[in-house]
J.: 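Once you've had a glance at the structure underneath, I'll fire off some questions.
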Amino acid sequence: MGFTEKQEALVKDSWEIMKQNIPQLSLRFFSLILEIAPAAKNMFSFLKDSDEIPHNNPKLKAHAVKVFKMTCESAVQLREKGEVVVGETTLKYLGSVHLQKGVIDPHFEVVKEALLRTVKEAMGEKWSEDVKEAWGEAYDQLAAAIKAEMHAEAAAT
């Protein structure tokens, strides 16, 4: 089906709202990932041996902001470019890192759930089933691009 004009507008509008609060939303996003899948903590070198609350971890803060912004920004320009646009070297790196960490399809679903819950909380009364579907589609396309890189990397080794 692709990413429709209406979905693009919904993602862009909600991203404008969320941009006002990236650090807090990024940490909320990552906290939800760890809440949904506590074992995911072991996939992050900066969390493995830490009992610290994620909010107090400066490496997590930086990582969370980077991941959240990249996910949201790739969603925002999806229709304009017709595909997920993340620098080719960034995409290769993401594929490689996700493969090394043992990321599998269910992990992508956890991240999607955390993203949708974060967007829902950020949007408040402006949240709707259409916004959910727009962000879901945008995330699915980014996840598919990362998975394709993971498969390419696995096939090359």
J.: Specify the closest pair of heavy atoms between L32 and E121, including all atoms of both residues, with the distance to one decimal.
T.: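 Scanning both residues, the minimum pair turns out to be CD1-OE2, 4.3 Å.
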J.: Output all residues satisfying salt bridge (charged side-chain N to carboxylate O under 4.0 Å, His left out) with K19, sequence neighbours left out; order by chain, then residue number.
T.: E16
J.: Are F29 and L25 packed together at the side-chain level, in the sense that at least one heavy-atom pair is separated by less than 4.5 angstrom?
T.: no
J.: In Å and rounded to the nearest 0.5 Å, what is the CD to OG distance from E133 to S128?
T.: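 These two atoms lie 8.5 Å from each other.
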J.: What closest approach, in Å, do H107 and M43 show between heavy atoms, and which atom pair accounts for it?
T.: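 Looking at all heavy atoms of both residues, the shortest contact is CE1-CE, 3.7 Å.
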J.: For atom NZ of K120, is the number of surrounding heavy atoms from other residues, nucleotides or ligands below 6.0 Å larger than 12?
T.: no
J.: Do you know which two heavy atoms are closest between A122 and I17, and how far apart they sit?
T.: O-CG2, 4.2 Å
J.: State, to 0.1 Å, how close T118 and R28 come at their nearest heavy-atom pair, and which atoms those are.
T.: OG1-C, 4.2 Å
J.: Charged N to carboxylate O below 4.0 Å: is that the case for E113 and R117?
T.: yes
J.: Which heavy atom in G136 sits nearest to a heavy atom in L116, and how many Å separate them?
T.: N-CD2, 3.8 Å
J.: Do you know which of M123, E125, E129 makes side-chain contact (heavy atoms from CB on, under 4.5 Å) with W127?
T.: M123
J.: Are there over 12 heavy-atom neighbours, none belonging to K112, within less than 6.0 Å of that residue's NZ?
T.: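 Atom NZ in K112 is packed in, count exceeds 12.
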J.: What's the spacing between T4 OG1 and L10 CG if we round to 0.5 Å?
T.: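 Separation between the atoms: 7.5 Å.
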J.: If I compare all heavy atoms of V110 with all of A37, which pair ends up nearest, and what's the gap?
T.: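 Looks like CG1-CB, 4.0 Å.
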J.: For E35, look at atom CD and say whether over 12 heavy atoms of other residues, nucleotides or ligands are found less than 6.0 Å away.
T.: yes
J.: Quick one: pull up NZ in K147 and CD1 in I104 and give me the separation to the nearest 0.5 Å.
T.: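 Nearest 0.5 Å value for the NZ-CD1 distance: 10.5 Å.
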J.: In Å, rounded to the nearest 0.5 Å, how long is the span from CD of Q20 to CE of M18?
T.: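 With rounding to 0.5 Å, CD (Q20) is 11.0 Å from CE (M18).
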J.: Determine whether I146 and F108 satisfy the following criterion, side chain to side chain contact (heavy atoms under 4.5 Å, CB included), listing intermediate values before the conclusion.
T.: CA-CA 10 Å; I146 294 171; F108 284 97; 3.8 Å; yes
J.: Quick one: does H151's side chain have a donor or acceptor within less than 3.5 Å of a partner on A148's backbone?
T.: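 A pair under 3.5 Å: no.
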J.: Please test V131 against K126 for side chain to side chain contact (heavy atoms under 4.5 Å, CB included), starting from the C-alpha separation and ending with a verdict.
T.: CA-CA 8 Å; V131 172; K126 293 183 178 169; over 6 Å; no
J.: Measure the shortest side-chain to side-chain distance between Y139 and V111 over non-hydrogen atoms and say whether it is less than 4.5 angstrom.
T.: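 When only atoms from C-beta onward are counted, V111 and Y139 do touch, with a gap below 4.5 Å.
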